[in-house]
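Remarks on the structure that follows.
Within every chain, numbering begins at 1; the chains are lettered A, B, ... in the order of the sequence lines, protein sequences first and strands thereafter.
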Amino acid sequence: MWVHLVYELVEVIVSIYAFQVSNIDVKQETPVDHGEITCFSIYCGPEANFGNGKSCIWVDVLDGGGKSLLVEFAPFFEDPSIKKVWHNYSFDRHVIENYGIKVSGFHADTMHLARLWDSSRRTKGGYSLEALTGDLAVCGDKNMVGKVSMKNIFGRRKLKKDGSEGKIITIPPVEELQREERKPWICYSALDAMSTLKLYENLKSKLSGREWKLDGSTKGRMIDFYEKYWRPFGEILVEMEAEGMLVDRAYLAEIEKVAQAEQQVAANRFRRWASKYCPDAKYMNVGSDAQLRQLFFGGAQNSKDPNESLPDERDFKIPNVEKVIEEGKKTATKFRTIRLHRLLCDTRIDPEIYTASGWPSASGDALKTLAGKISAEFSFTDESDSLQTDANVGNLPETKLPGVEVGAVSECTKSAYGTAYAPFGGGEKGKEACHAIAALCEMCSIDSLLSNFILPLQGSHISGKNGRIHCSLNINTETGRLSARRPNLQNQPALEKDRYKIRQAFIAAPGNSLIVADYGQLELRILAHLANCKSMLDAFEAGGDFHSRTAMNMYPHIRKAVDQKLVLLEWHPQPGEEKPPVPLLKDAFASERRKAKMLNFSIAYGKTPVGLARDWKVSVKEAKETVDLWYNERHEVRKWQEERKKEAQKDSCVHTLLGRVRHFPSMKNVTPYQKGHIERAAINTPVQGSAADVAMCAMIEISKNARLKELGWRLLLQVHDEVILEGPTESGEEAKAIVVDCMSKPFDGKNILQVDLSVDAKCAQNWYSAK
DNA sequence: CTTGTTAGCGCC
DNA sequence: AAAGGGCGCTAACAAG
């Protein structure tokens, strides 16, 4: 009876839900196929009267009727004409869909509204309902009761063993609260719905008060931006999460074995070598940076505080796998202690890299410096072997061109062995040390692949019933990019780093294929457009290898070589041709092109000559000269960047292509370092944020394309400038062409940029082979 | 035994 | 003094 009441009333008023969910660990699990609803509430403003003057409905799903009661509400959830506002729509929708209810009528997500209003609340309390409703800058409503956290209402101090209250505050399970603290619990969860609607009204009015400017002219208000872009985008993201990616678990189990075996070999190789200098190193945790720091740099001074030094030797606890019974103990304990001292007693290795806290770094980079550019392969038993390995070290020589001076000094004159070579005595000893440390590096990188990717991808908590992985896709970055969580599918190893071909585990279902489509140099194209830079626009217009063209524009001697046809900018082999008639620029001037490429990527991020000098191991003056060469042909970029810095200083904000705003703290009263950070963010955000705008528009185009839908193609994932879809193999080619078209003309079927948007797309059975 | 923090590293 | 933008995740460690 009262279900009908709601149904009729809410057609006119926006309504709100807040769900309490059990049987799910929110921090670990995906809500897709996990989690059960214990209760929910509906609020549609103070005017509604559900009887006895009550304006809010609270529904007990736990003891009040369970699934059958929830299903009574299905028509209500599924009615698109009932406009619904949520706080974190994604979670609630997945949980409702676990009951087979298809939610419709998505009107707004207050988390996204808040993010659109102010994208930098991370340091101001974040975007929880509690933080937002409690913030007067967001909800200036004095009559409003903000959300109060569960911890404050229901938190109980954990009792210590002696019966007194401890410091740890625990919250009982929601089922227990609902049954045993019924009244406050109903108030609490009903308030969620009321807070959400209040928050919606506040944010809507704020966004209505802010002008939306696109390309310099007024398009409306920012709430219009939300409705045009982020509302449909929010819905698309939830659908993508629900789809999920199919993962080949058998394949992952296979590469896990291989990786573990290779890791053991590398780790033991290092341990065996290290134990020659420090016996306990045989049992060390080679993955612990503290232990490594002790072995290499024991006794070293802190670079920031000369009064602090690492101890000469230090004890570490390790799992007692050998079941050693230590002195004074009766049985083998779970852990035992080993003592590590500096490997070299008489010699010290000068640390080149320090951590932020001033201690010598034992990071991968630092270890690579110690080892040098060599392989981990080394025969520790038969030293005659080493000569063969020796022949392989060093860089490949660059193609030399007669009559043309090759710019940089070739690095192959330097020794390929790292800084550990000399301290360990040079010669065979030095080589042995470098190879052992190289093995350590390899062990670390395998470990990182295993623990970050291969193992978690096989976990059951992140996959649904159908074996697919459902990450959550969030609009929660300061620039407007997406982020992915549980698991983060946006940082899967790519290309040459993917030594176990992890991406091969992301597959299409039988009968299906994946389409992987990505933009070529999206951010650089955006920069060319925003800065209106002629040289860059011309280079994109001409097409071909952008970095080679940059190198040519930077260095007159390269331009001369190109003009005289001594080198080719790029080469498209004709049938029958095997190699180009003259060398390619990227081979003949590899080091210049490398620098040009690095500058192309770094300058948009605001990298300074100081940073480049460090990377390139040249003087700051020299780095600055190279940077100037880059800007020489691209003075519009410099001017545009200066304008952005001024804008950040004057208005405390910058804008993206579609008119989203990122605010910065006032530049008064900030340290020079903070000022630098703001300035770099100010020149980066319009580029990164506009690229995010483009990618979002492309996804909206793809998602609303009727033909793609008809053919059965669905978006699965976005990785900033790349999208992945899955659909029937037989329509792969047709779908691919549509996707490319959507991405090239992402603004309502048009491209409003001054540059073309180049798109590369492939159809394949797995993610790896689509690259 | 839990929690938070740091360093490090994967992606674009 | 700090000198590359934006993320999320992990192990190890430190602290409660």
Side-chain angles (χ1 to χ4, degrees), chain A residues 27-28 119-120 122 158 161 166-170 285-293 303-304 316-318 353-359 361-367 444-445 447-457 462 471-495 497-498 502-503 518-519 521-524 527 598-599 601-615 620 623-624 654 662 671-689 691-692 695 717-722:
Chain A
K27 285 207 170 95
Q28 294 283 322
S119 66
S120 48
R122 180 175 269 209
K158 209 172 167 180
K161 279 174 196 157
K167 271 192 178 174
I168 303 162
I169 295 173
T170 57
N285 173 1
V286 285
S288 158
D289 40 326
Q291 295 182 26
L292 292 172
R293 182 179 297 128
S303 69
K304 289 196 169 169
F316 291 92
K317 271 187 181 164
I318 58 150
I353 308 171
Y354 290 89
T355 66
S357 46
W359 297 111
S361 168
S363 65
D365 255 7
L367 296 177
C444 289
S445 72
D447 184 61
S448 130
L449 288 174
L450 269 167
S451 56
N452 284 311
F453 306 108
I454 298 173
L455 296 174
L457 282 176
I462 49 164
C471 71
S472 97
L473 293 164
N474 323 287
I475 313 180
N476 64 353
T477 61
E478 304 230 8
T479 59
R481 269 191 176 187
L482 291 183
S483 80
R485 288 187 301 206
R486 285 171 245 143
N488 180 1
L489 293 184
Q490 288 182 321
N491 70 342
Q492 300 300 311
L495 303 171
K497 289 240 178 146
D498 193 3
I502 292 169
R503 288 194 184 204
D518 70 317
Y519 283 111
Q521 286 111 12
L522 179 58
E523 295 200 348
L524 286 168
L527 180 62
M598 204 180 285
L599 283 172
F601 286 124
S602 329
I603 283 187
Y605 295 159
K607 189 153 182 163
T608 61
V610 181
L612 286 165
R614 197 173 36 123
D615 283 0
V620 175
K624 193 175 173 309
V654 290
R662 175 174 177 185
T671 65
Y673 177 74
Q674 289 168 324
K675 183 169 180 246
H677 185 84
I678 293 171
E679 287 182 340
R680 290 189 291 276
I683 62 177
N684 174 258
T685 295
V687 177
Q688 197 187 109
L717 188 65
Q718 181 245 51
V719 190
H720 311 309
D721 64 352
E722 167 182 341

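- Separation of the C1' atoms belonging to C/dG4 and B/dC9 is 16 Å when rounded to the nearest angstrom.
- A/Arg662 places no side-chain N or O within 3.5 Å of a backbone atom of A/Ser119 that could act as its donor or acceptor partner.
- The nearest whole Å value for the distance from the CZ atom in A/Phe453 to the C1' atom in C/dA11 is 14 Å.
- Counting heavy atoms from C-beta on, the side chains of A/Asp447 and A/Val286 never come closer than 4.5 Å.
- Listed by first and then second residue, the salt bridge (Lys or Arg N to Asp or Glu O under 4.0 Å) pairs that reach into residues 601-610 of chain A are A/Lys607-A/Asp615, sequence neighbours excluded.
- Between A/Leu292 atom CG and B/dA7 atom P there is a gap of 16 Å when expressed in whole angstrom units.
- Whole-Å rounding puts the A/Leu495 CG to B/dG10 C1' distance at 13 Å.
- For the pair A/Lys607 and C/dA3, the criterion of a side-chain N or O lying under 4.0 Å from OP1 or OP2 is not met.
- In this structure, A/Arg503 places its CZ atom 7 Å from P of B/dC11, rounding to the nearest Å.
- In this structure, the CD atom of A/Gln291 is 9 Å from the P atom of C/dA12, given to the nearest Å.
- With a 4.5 Å cut-off on side-chain heavy atoms, A/Leu482 and A/Ile475 count as touching.
- Residue A/Ser361 has no polar side-chain atom (N or O) positioned under 4.0 Å from OP1 or OP2 of B/dA7.
- One atom, CD of A/Gln490, and another, P of B/dG10, lie 17 Å apart when rounded to the nearest Å.
- Nucleotide C/dA3 holds its P atom 13 Å from the CG atom of A/Leu612, rounded to whole Å.
- Counting heavy atoms from C-beta outward, A/Pro493 and A/Asn452 have side chains that stay 4.5 Å or more apart.
- The side-chain heavy atoms of A/Leu489 and A/Leu457, taken from C-beta on, include a pair separated by under 4.5 Å.
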Its contact letters, B for base, S for sugar-phosphate only and - for none at protein heavy atoms under 4.0 Å, make nucleotides 5-10 of chain C read BBSBSS
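- Here A/Asp447 lies out of heavy-atom contact (under 4.0 Å) with every strand.
- In this structure, CG of A/Leu455 is placed 13 Å from C1' of C/dA11, rounded to the nearest angstrom.
- For the pair A/Gln492 (side chain) and A/Arg503 (backbone), a donor-acceptor distance under 3.5 Å is absent.
- The residue A/Gln492 sits close only to the backbone: its heavy atoms come under 4.0 Å of sugar-phosphate atoms, none of a base.
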